[in-house]
Structure formats: structure tokens, C-alpha cells
Amino acid sequence: MRIATWNVNSVAARLPRLLAWLGSAQPDVLCLQELKCTTEAFPHGEVTALGYEVAAYGLGRWNGVAILSRVGLGDVRRGLLDEPAYDNETEPRAIGATCGGVRVWSVYVPNGRDPEHPHYAYKLRWLEALRATVVAETSAERPLAVLGDFNIAPTDDDVWDISLFEGATHVTDAERKALAVLRDAGLTDIVPRPLKYDRPYTYWDYRQLAFPKNNGMRIDLVYADAAFAAAVTDAYVDREERKGKGASDHAPVVVDLSL
DNA sequence: ATGCCCGCTGTAAGCGGA
């Protein structure tokens, strides 16, 4: 089984590339983030025509997550247990489903904006709700993984130059501690292979030639329970998808499993 | 060549992204 995650930065803007990538990469399950559309506006017809079932969760301009599967899609859950709100709104940032016997969560962790900003405290509260949801869903019955844009670089090696990140989100101790607490719930960071250079970055800013200079970050993560991790045979970042006109600023992370 | 920001929208000298 092949399971992938991709922050597409608008599914409407990315639709031609999404459909082409489904055809070439042939994932069985694909977790999407940053749909930037409502649940109803998701391009169901185009995706189902390729043999995928769809569970989407979006409210419009910001955020939005989905799971696509061609190996069955059931027990869909939208949102986390006791998910915190921001500005009195619960944002569409998490969706879970069981696909081919595997429990899969597609998540878009809040950005945080600045360590002093209320969005940062929201990010930490949100990560705690994710941990509680994972604990509640952990089961010996089926493998489980949380895939998506975590907006956290787990180590200093996961950004191109840590000296540029002083006082910035994505690298703070509190965010990394939240990831460590998530791992303590029984999850392992499945680190993918880079297809070029030495570090498996998954995001490169659109500006300042970040991609050709390889000024990247590894912030799209696959957090797997023991059964899922034991079945992993390969994992890589498909940096080819970051090239060219009409690319997302994130590349897909692809995981192959002996399931 | 991987190439100098993108996508959405209250169409803005706007916002969020990371």
C-alpha cells in the first residue's frame, strides 16, 4: 500500500497537477491539506473519476483537509476530540478515516505566526488535542498514522539555516516538546529519503529562489504507530512535484507499506 | 535548468502563509 501526504495550497489552483500526480504516483491513500475551499466545492467528480473515494472537510478561504482513498474509506471523523477554537471558530484542520484497514489522519497544524501571537498558544493547545485524539484512537486492531503539515521542524537539521530562525515559530522548544509528547503516545517520525541533496525538506518558500537554492524545511511529517512503522518499506519526498509552473510550495511525502 | 511569491478576496497601499 502507498500512502502519501501533500499540502496543495488550494486544491482548485492545484487541480491539474493533483490529477496528474494521482495518475503518475498512484497513491492508494492521499492526505491533503490547505484545500482553501468548502467541503461542497471540493472537486469530487474529477477525483472520483480516477477511482478514489473522497472525505473532505473545508469551510472556505483558509485551511481545509481531505483524505482520498482507492482502498476503501470508512469511519470518517471530522475534527479532533475537544478541538480548540480560534476566534470562536473551530477550523477544518483534521480529518480521520479508515482506509484498507489503516487508520489515517490528515492534519494541518496551526502556523503559530509568532511566539507572542495568540495563534502560537492556539497551536500548542491544538497539538495537545491531537495527542488526546491519537491516544483515544490507538488500537491493536489496525495500524494508525497521522500525516500532514505539522508546521514544526523537528530538529535543527530540518531547516536550511537554523541561525535564521531565532525567535521564530516552527523551531521553538515548546513546539518540539509537543511533538515529543506526541511520540510518547506511541508514534514514530517516519523520516523520508530526499531524492536530491542530503536533507528531506518538504517545503520551500515561493520567494527568493528558495527551491533552486534548496532553502527548505521539513515540516510535513508522518507520525506512525508501531504497527504502521513496522510495515514501512520506503518513504521519500517527491521534490519533482515542487518544480515548474503551478507548483505548491510543499512537495508530497510518499510512504510505501507492506500491507 | 529547479529560476527571483502565490492564492484568495471585502479586488486592497488587503490578508495569511512559514
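Residue numbers start from 1 in every chain, and the chains themselves are labelled A, B, ... in the order their sequence lines are given, proteins ahead of strands.
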*Taking the C1' atom of each, how far is B:dG10 from B:dC4, in whole Å?*
31 Å
*Between A:Gln208 and A:Tyr197, name the one whose nearest nucleotide on DNA chain B is closer to the 5' end.*
A:Tyr197
*Pairwise P distance, B:dG7 and B:dA18 [rounded to whole Å]*: 14 Å
_Selection from B:dG7, B:dG17, B:dC4 that lies nearest to any side-chain heavy atom of A:Leu209_ = B:dC4
*Is any side-chain heavy atom of A:Trp21 less than 4.5 Å from a side-chain heavy atom of A:Leu30?*
yes
*When rounded to the nearest Å, what value does the distance between P atoms of B:dT11 and B:dC5 take?*
25 Å
*Taking the same atom, C1', in B:dT9 and in B:dC15, what whole-Å distance lies between them?*
9 Å
*Using a cut-off of less than 4.0 Å, is there contact between a side-chain N or O of A:Tyr108 and OP1 or OP2 of B:dA18?*
yes
*Are any of A:Asn9's side-chain N or O atoms less than 4.0 Å away from OP1 or OP2 of B:dG7?*
no
*Contact class for A:Gly244 vs. all strands (heavy atom < 4.0 Å): base, sugar-phosphate, or nothing?*
sugar-phosphate
*Which is true for A:Glu34 with a 4.0 Å heavy-atom rule: it touches a base, it touches only sugar-phosphate, or it touches nothing?*
sugar-phosphate
*Does the side chain of A:His119 get closer than 4.0 angstrom to OP1 or OP2 of B:dG16 through an N or O atom?*
no
*Rounded off to whole Å, could you give me the CD1-to-C1' distance for the A:Ile152 and B:dA18 pair?*
12 Å
*In terms of side-chain heavy atoms of A:Tyr206, which of B:dG7, B:dG3, B:dC5 is nearest?*
B:dC5
_It should be established whether A:Thr169 places a side-chain nitrogen or oxygen under 4.0 Å from OP1 or OP2 of nucleotide B:dA18._
no
*Return the 5'-most residue of the pair A:Arg14, A:Met217 with respect to DNA chain B, ranking by each residue's nearest nucleotide.*
A:Arg14
*Closest to the A:Arg61 side chain: B:dA18, B:dG7, B:dG14?*
B:dG14
*Nearest to the side chain of A:Asn151 - B:dC6, B:dG3, B:dA18?*
B:dA18
*asked:* Applying a 4.0 Å non-hydrogen cut-off, can you work out what A:Trp204 is touching in the nucleic acid: base, sugar-phosphate, or nothing?
replied: nothing
*Is it true that A:Arg218 and A:Asp189 have a side-chain N and a carboxylate O under 4.0 angstrom from each other?*
yes
*Counting any heavy atom closer than 4.0 Å, what does A:His250 reach on the DNA or RNA strands: base, sugar-phosphate only, or nothing?*
sugar-phosphate
*Have a look at A:Asn7 and say if it touches a base, only the backbone sugar-phosphate, or nothing, with a 4.0 Å heavy-atom cut-off.*
sugar-phosphate
*asked:* Within the 4.0 Å heavy-atom criterion, would you say A:Asp149 contacts the bases, only the backbone, or no part of the nucleic acid?
replied: sugar-phosphate
*Do we see a donor-acceptor contact under 3.5 Å between the side chains of A:Trp6 and A:Glu241?*
no
*asked:* Under a 4.0 Å threshold between the charged nitrogen and the carboxylate oxygen, would A:Glu175 count as salt-bridged to A:Lys123?
replied: yes
*asked:* Side-chain N or O of A:Arg113 versus OP1/OP2 of B:dG17: is the shortest distance under 4.0 Å?
replied: yes
*Does any N or O in the side chain of A:Arg176 come within less than 3.5 Å of the main-chain N or O of A:Thr155, such that one atom is a donor and the other an acceptor?*
yes
*What is the distance from CG of A:Asn63 to P of B:dG7, rounded to the nearest Å?*
17 Å
*Answer yes or no: is there an ion pair linking A:Asp238 with A:Arg193, defined by an N-O contact shorter than 4.0 Å?*
no
